[in-house]
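Heads up, the thing below is written out as structure tokens.
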Amino acid sequence: MLQIAFLREQKDQVLARLAKRFYANAEQEVNQSIAFDNERKSIQLELDNILRESNEAAKIIGQLMKDGKKEEADQKKSKTAELKSKSKGLEEKLVQVEKQLHDTIIKLPNLPHESVPTGRTPEENEIVYQVEKLPELPETAIPHWDLIKKYDIIDFELGNKISGAGFPVYKGKGAKIQRALINFFLDEADKAGYYEVQPPIVVNAESGYGTGQLPDKDGQMYFINEDNLYLIPTAEVPITNLYRDVILKQEDLPVKVCGYTPCFRREAGSWGAHVRGLNRLHQFDKIEIVRIEMAENSYAALIEMRNHIQGLIEKLGLPFRILRLCGGDMGFTSALTYDFEVYSAAQKRWLEVSSVSNFETFQANRLKLRYKDKEGKNNLLHTLNGSALALPRILASILENNQEEEKIRIPECLWKYTGFESI
RNA sequence: AGAGAGUUGUCCGAGUGGUUUAAGGAGCACGCCUGGAAAGUGUGUAUGCGUCUAAAGCGUAUCGAGGGUUCGAAUCCCUCACUCUCUACCA
């Protein structure tokens, strides 16, 4: 959520930056927010004055009662009745205006960083890096959905039977390579200084709201009606929310946390082309890295995270590229996002395997995540996160890119985790 | 799941309608004292919003959350969340 004070003070800049997203009603919604805020302020001022008067009166009445001057006290009481009805009306109005302000400002997406390219579609993303040569596979190469059948390592039909589409069963070496990837990614994160946590994979609405999945992506999360809980779409939600309503000390920074969780996505309406096999699932595994940084360090941290992810993909030996997302393709809450895509030779297309973003204060403002500086002043922090990495598409590209006539090579960095060198 | 007891500031903890403007203690910060430290001692120590160019100051709200009663609520009433104890169940 954007800060109302910033909208007020830097309206031109806000509108210019929102323009990069081609956000339609920017000017109208910004003006509306400011108008609601003005109204809020004037109501509060009036309300505070009335409350002050009645607080003072209550004190006097208390004193009069004590002194036994009951009649005088009663007289005073009748006067305060009027104040009371007035303050009640104002309170209702205040709540209403605060809600209107909130509902308006919550719709505004984050402001793109100045380096974000202008553009509406994925085609306009900027390619920051790309491997020089794309791998070429022999004519006989097949996509991963055929490979998993050939080697019997992932079973979608079994998953269909016990759960439904998008919930595969990993079997034998398929299951072991999952476990190997999880451990490899966690160990690498650990080496890079990330503190490991194992959070719950269901969260309450407040947490969903804190990181911005709610109200924006309500329909995308599985919801447990009975207990009012959501299945997490990413570990970003529980991990970042560990720091909801927290005021950190400057010496606690930066915060670097990682965690492995299953992730659940309904992906409502997104079935069809390009979602075969492991390309899009309802349940998948992911290792997430999360950082909390002071504003002046957050972009350096983003590059560090990007380099970490790049290192993982390089160790796995996969052909990849890095994109800087254009304004139109960037997520609602992000100020700058880099996407990693791995080339699938058998599918002849790029698959997104990681997304690393700086949210600046957008999440922190909702989370009320701040730090106390040397002067004792509280400031909003910057939050960042990235997938390091999500398993299914990484597994898909390992299978596809490493296939040979009668086996699939396992990247060497995984051998000590799998205990086998090929499938 | 049933019964009971709880939730107060950074922490512990007092407080059952009106000097609570939240006692007292601990911790922390800064000062005094000291050769240095400890002890001692003094002062300070939450958050949001508003007012203000800003700071200070002042106002207002916040004692788990939300609502209610009252001139006045940490205190009384209602709803919800969470914690603990016992019982039941169970990896």
Rounded to whole Å, how long is the line connecting atom NZ of Lys374(A) with atom C1' of C30(B)? 17 Å
For G24(B) versus C33(B), give the span between their P atoms, rounded off to a whole number of Å. 27 Å
Under the side chain to side chain donor-acceptor pair (under 3.5 Å) test, residues paired with Thr337(A) that sit two or more places apart: Ser334(A), Ser357(A)
Could you give the distance separating U10(B) and G4(B) at their P atoms, to the nearest angstrom? 33 Å
Can you tell me how far P in U21(B) sits from the matching atom in G59(B), rounded to whole Å? 13 Å
Strictly below 4.0 Å, heavy-atom distances to any atom of RNA chain B: list the hits from residues 31-39 of chain A, or just say none. none
Does anything in residues 410-423 of chain A form a salt bridge (Lys or Arg N to Asp or Glu O under 4.0 Å)? List the pairs, not counting sequence neighbours. none
Between P of G50(B) and CZ of Arg40(A), the distance in whole Å: 4 Å
Do any pairs count as a ring pair (Phe, Tyr, Trp, His ring centres under 6.0 Å) and have a residue in residues 153-173 of chain A, sequence neighbours left out, and if so which ones? Phe167(A)-His282(A)
Sorted by chain and number, sequence neighbours left out, ring-ring contact (aromatic ring centres under 6.0 Å, His included) with Phe332(A) holds for Phe362(A)
Rounded to the Å, how far apart are Ile43(A) CD1 and G50(B) P? 13 Å
Could you tell me how far G68(B) sits from A73(B) if I compare only their C1' atoms? Round to whole Å. 12 Å
Pairwise P distance for A38(B) and C30(B), with rounding to whole Å: 12 Å
Distance, P atom - from A55(B) to U47(B), rounded to whole angstrom: 15 Å
Identify whether any heavy atom of Lys372(A) sits under 4.0 Å from a base atom; if not, whether one sits that close to sugar-phosphate; answer base, sugar-phosphate or nothing. sugar-phosphate
Between CG of Asp74(A) and P of G72(B) the distance, given in whole Å, is 14 Å
Given Watson-Crick and G-U pairs under 3.5 Å, RNA chain B in dot-bracket ([ ] crossing, | other strand) is ((((((((.[[[..)..(.....]]]((((((.......))))))((((((.....)))))).[[[[[..)....]]]]])))))))....
Separation of the P atoms in A14(B) and G64(B), to the nearest angstrom: 14 Å
By nearest heavy atom, map Ala57(A) and Lys41(A) onto RNA chain B; which one lands nearer the 5' end? Lys41(A)
With sequence neighbours excluded, tell me which residues meet side chain to side chain donor-acceptor pair (under 3.5 Å) with Arg366(A). none
Between P on A81(B) and CG on Asp227(A), what's the gap in Å once rounded to a whole number? 10 Å
For the pair Glu188(A) and Lys315(A), find out whether any cationic side-chain nitrogen is under 4.0 Å from an anionic carboxylate oxygen. yes
If only atom types and distance count, is the side chain of Asn365(A) paired as donor or acceptor with the main-chain N or O of Met1(A) below 3.5 Å? yes
Just how far, in rounded Å, is P of C71(B) from CD of Glu72(A)? 18 Å
Which ring pair (Phe, Tyr, Trp, His ring centres under 6.0 Å) pairs, counting each pair once, include a residue from residues 11-45 of chain A, with sequence neighbours left out? none
Quick one: Glu251(A) CD to A29(B) C1', roughly how many Å, whole number? 12 Å
Flag the pair Arg40(A) and Asp37(A) as a salt bridge only when some basic side-chain nitrogen lies within less than 4.0 angstrom of an acidic carboxylate oxygen. yes
Among all residues two or more places apart in sequence or in another chain, which pass the side chain to side chain donor-acceptor pair (under 3.5 Å) test with Ser115(A)? His113(A), Arg324(A)
According to ring pair (Phe, Tyr, Trp, His ring centres under 6.0 Å), does anything in residues 185-208 of chain A pair up with another residue at least two apart or in another chain? List the pairs. Tyr194(A)-His308(A)
Salt bridge (Lys or Arg N to Asp or Glu O under 4.0 Å) involving Arg393(A) - partner list, sequence neighbours excluded: none
Does the Gln363(A) side chain pair with the main chain of Thr211(A), one donor and one acceptor, at a distance under 3.5 Å? yes
Mark up nucleotides 55-69 of chain B, 5' to 3', with B wherever a protein heavy atom is under 4.0 angstrom from a base atom, S wherever such an atom reaches only the sugar-phosphate, and - elsewhere. ----BSS-------S
Just to be sure I understand the rule, does Ile61(A) reach a base, reach only the sugar-phosphate, or reach nothing, if contact means heavy atoms closer than 4.0 Å? base
Give a yes/no answer on whether the side chain of Arg370(A) brings an N or O atom under 4.0 Å of OP1 or OP2 in G48(B). yes
Answer with base, sugar-phosphate or nothing: what part of the nucleic acid does Ile247(A) contact at a heavy-atom distance below 4.0 Å? sugar-phosphate
Integer-rounded Å distance: G50(B) P and Ile4(A) CD1: 10 Å
